[in-house]
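Report on the following structure.
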Amino acid sequence: MASYYYLISSLPELSANEDMPITYDEFIDMCEDNVSDKTLERLKNLTLDSTKGPLLKKWSGFYTNLFRELNAQRSAALGKSYQVEYEKDSENTRIAQAAISAKNPLEGEKLLLAHQFDALDGYTSGHYFDDVCLFGYAIKLKLLERQRCFVKEKGEAEFKRLFDNVQQSVYNL
C-alpha cells in the first residue's frame, strides 16, 4: 500500500462534466509498477459489470439496480410489464425519470454519469490510498471511456436515419 501514495497522488482528477484526462491504458501503465500482480490483473480485466475485487460488489449492486430501474421505467412507458426484481431506491428512481425525460439522450446519459460518480464518491469516502480508492478511480475512468463513445453528430445522424425509416413505414401504410 505504501506505493499507492505516489500513484494515487499523481493521478489526474476525474469529473463527470469533463473529458478523460488520461486513457484507461495510460492508467494501467501507471499502475504496473505500483500494484500487485493480482490487483493489476483485476484492473486490466475490469468492466462496469465486474463483481470481484475491492468495492466492486457494492458498485455492481448499485449499477445493476440503476439500470433495472431505467428498464422498468422504459417498459412502463411502452405499456409493458417489467418482471425482473430489483432493489428500489428513490434516488435511482428520480435520476432514471430525469434521464428518460431529458431533452435528448446525451443529456440523459450525462445525468446518469453524474449520479454514478456521486455514488462512487460515497463508496470511496474515507479511502485515500488503498485498493478501494484505486478501483473507484478505475470505474470512473471506465464510465468516462463509455461516455466518450457518445458523439452528438453520430447520434443525431442515427436518430434522423431511424426517424426517416419510421416515416417511410408510415407512408407505405
Side-chain angles (χ1 to χ4, degrees), residues 1-71 84 86-96 98-100 102 104-155 158:
M1 183 168 102
S3 61
Y4 284 16
Y5 292 114
Y6 175 76
L7 171 63
I8 291 174
S9 296
S10 65
L11 293 171
E13 188 173 339
L14 300 178
S15 170
N17 302 322
E18 297 176 10
D19 290 334
M20 294 175 63
I22 61 172
T23 66
Y24 198 79
D25 288 338
E26 290 170 331
F27 168 70
I28 293 297
D29 288 344
M30 293 175 76
C31 290
E32 279 185 338
D33 295 330
N34 296 295
V35 301
S36 70
D37 291 341
K38 181 179 177 183
T39 298
L40 184 62
E41 194 61 32
R42 283 184 174 165
L43 288 169
K44 284 181 177 180
N45 295 318
L46 183 70
T47 68
L48 293 174
D49 297 320
S50 295
T51 57
K52 294 197 176 178
L55 172 75
L56 298 180
K57 186 174 182 181
K58 188 181 285 191
W59 163 256
S60 178
F62 164 80
Y63 190 72
T64 299
N65 283 329
L66 175 60
F67 282 92
R68 286 183 177 165
E69 180 64 42
L70 277 167
N71 289 335
V84 178
Y86 62 98
E87 188 177 318
K88 289 274 199 177
D89 175 87
S90 61
E91 188 63 11
N92 281 350
T93 300
R94 187 185 70 75
I95 293 295
I100 288 171
N104 64 57
L106 183 57
E107 290 302 315
E109 287 293 334
K110 287 179 178 181
L111 289 170
L112 292 171
L113 181 66
H115 180 56
Q116 292 165 343
F117 265 54
D118 289 345
L120 284 165
D121 288 342
Y123 297 150
T124 60
S125 178
H127 295 271
Y128 303 105
F129 301 104
D130 61 6
D131 281 339
V132 172
C133 178
L134 191 65
F135 276 81
Y137 188 92
I139 293 168
K140 284 182 176 181
L141 206 48
K142 286 284 186 181
L143 288 167
L144 288 173
E145 195 172 58
R146 179 182 176 276
Q147 184 83 10
R148 190 175 63 177
C149 295
F150 303 131
V151 177
K152 184 178 179 183
E153 292 77 21
K154 286 182 182 179
E158 180 64 10

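Every value quoted in this text rests on a predicted model; they were computed, and no experiment measured them. Basis for what follows: all heavy atoms, side chains included, without hydrogens, waters or symmetry-related copies.
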What is the minimum heavy-atom distance between Ala138 and Leu46, and which atoms define it? CB-CD2, 3.5 Å
Is it true that Glu87 and Arg68 make a salt bridge, defined as a side-chain N closer than 4.0 Å to a carboxylate O? no
Is a side-chain donor or acceptor of Asn92 paired with a backbone partner of Lys88 at a separation under 3.5 angstrom? no
Determine the minimum heavy-atom distance between Cys31 and Leu40, stating which atoms define it. CB-CD1, 4.1 Å
Decide, yes or no, whether a salt bridge links Glu91 with Arg94 under the criterion of side-chain N to carboxylate O below 4.0 Å. yes
Centroid-centroid under 6.0 Å between Phe62 and His115 rings: yes
Distance-only, no hydrogens or angles: does the Thr39 side chain make a donor-acceptor pair with backbone N or O of Val35 under 3.5 Å? no
Distance check, rounded to the nearest 0.5 Å: Tyr6 atom OH versus Asp33 atom CG? 11.0 Å
Return the CZ to CG distance between Phe117 and Leu143, rounded to the nearest 0.5 Å. 6.0 Å
Going through the checks in order, is the side-chain contact (heavy atoms from CB on, under 4.5 Å) test met by Val84 and Asn71? CA-CA 9 Å; Val84 178; Asn71 289 335; over 6 Å; no
Going by side chain to side chain donor-acceptor pair (under 3.5 Å), name the pairs with one or both residues in residues 49-65, residues two or more places apart or in two chains. Thr47-Ser50
Are side-chain heavy atoms of Glu18 and Glu13 found at a separation under 4.5 Å? no
Can you tell me how far the CG atom of Leu134 sits from the CG atom of Leu55, to the nearest 0.5 Å? 10.5 Å
Regarding Asp121 and Lys140, does a basic nitrogen lie under 4.0 Å from an acidic carboxylate oxygen? yes
Please report the closest heavy-atom contact between Pro54 and Asp131, naming both atoms and the distance. CG-CB, 3.4 Å
Where is the tightest heavy-atom contact between Ser15 and Leu144, given as atom of each residue plus distance? O-CD2, 3.6 Å
Do the side chains of Lys142 and Glu145 get close enough for a salt bridge, i.e. N-O under 4.0 angstrom? yes
State, to 0.1 Å, how close Leu112 and Ile95 come at their nearest heavy-atom pair, and which atoms those are. CD2-CG2, 3.8 Å
Do Leu11 and Met30 pass the side-chain contact (heavy atoms from CB on, under 4.5 Å) test, and can you show the C-alpha distance, the side-chain angles, and the key distance before you say yes or no? CA-CA 9 Å; Leu11 293 171; Met30 293 175 76; 3.8 Å; yes
Taking all heavy atoms of His127 and all of Cys133, pick out the closest pair and write down the distance. O-CB, 3.6 Å
Please walk me through it: do Asn17 and Lys110 pass side-chain contact (heavy atoms from CB on, under 4.5 Å)? CA-CA 8 Å; Asn17 302 322; Lys110 287 179 178 181; over 6 Å; no
Distance-only, no hydrogens or angles: does the Glu26 side chain make a donor-acceptor pair with backbone N or O of Thr23 under 3.5 Å? yes
Only one of Thr124, Leu48, Leu14 clears side-chain contact (heavy atoms from CB on, under 4.5 Å) with Ile139; which? Leu48
With a 3.5 Å distance limit and no angle check, can you tell me whether Tyr123 reaches the backbone of Leu56 through a side-chain donor-acceptor pair? no
Side-chain touch Arg148/Asp19, heavy atoms, less than 4.5 angstrom: no
Within the 6.0 Å centroid threshold, strictly below: Phe27 and Tyr137: yes
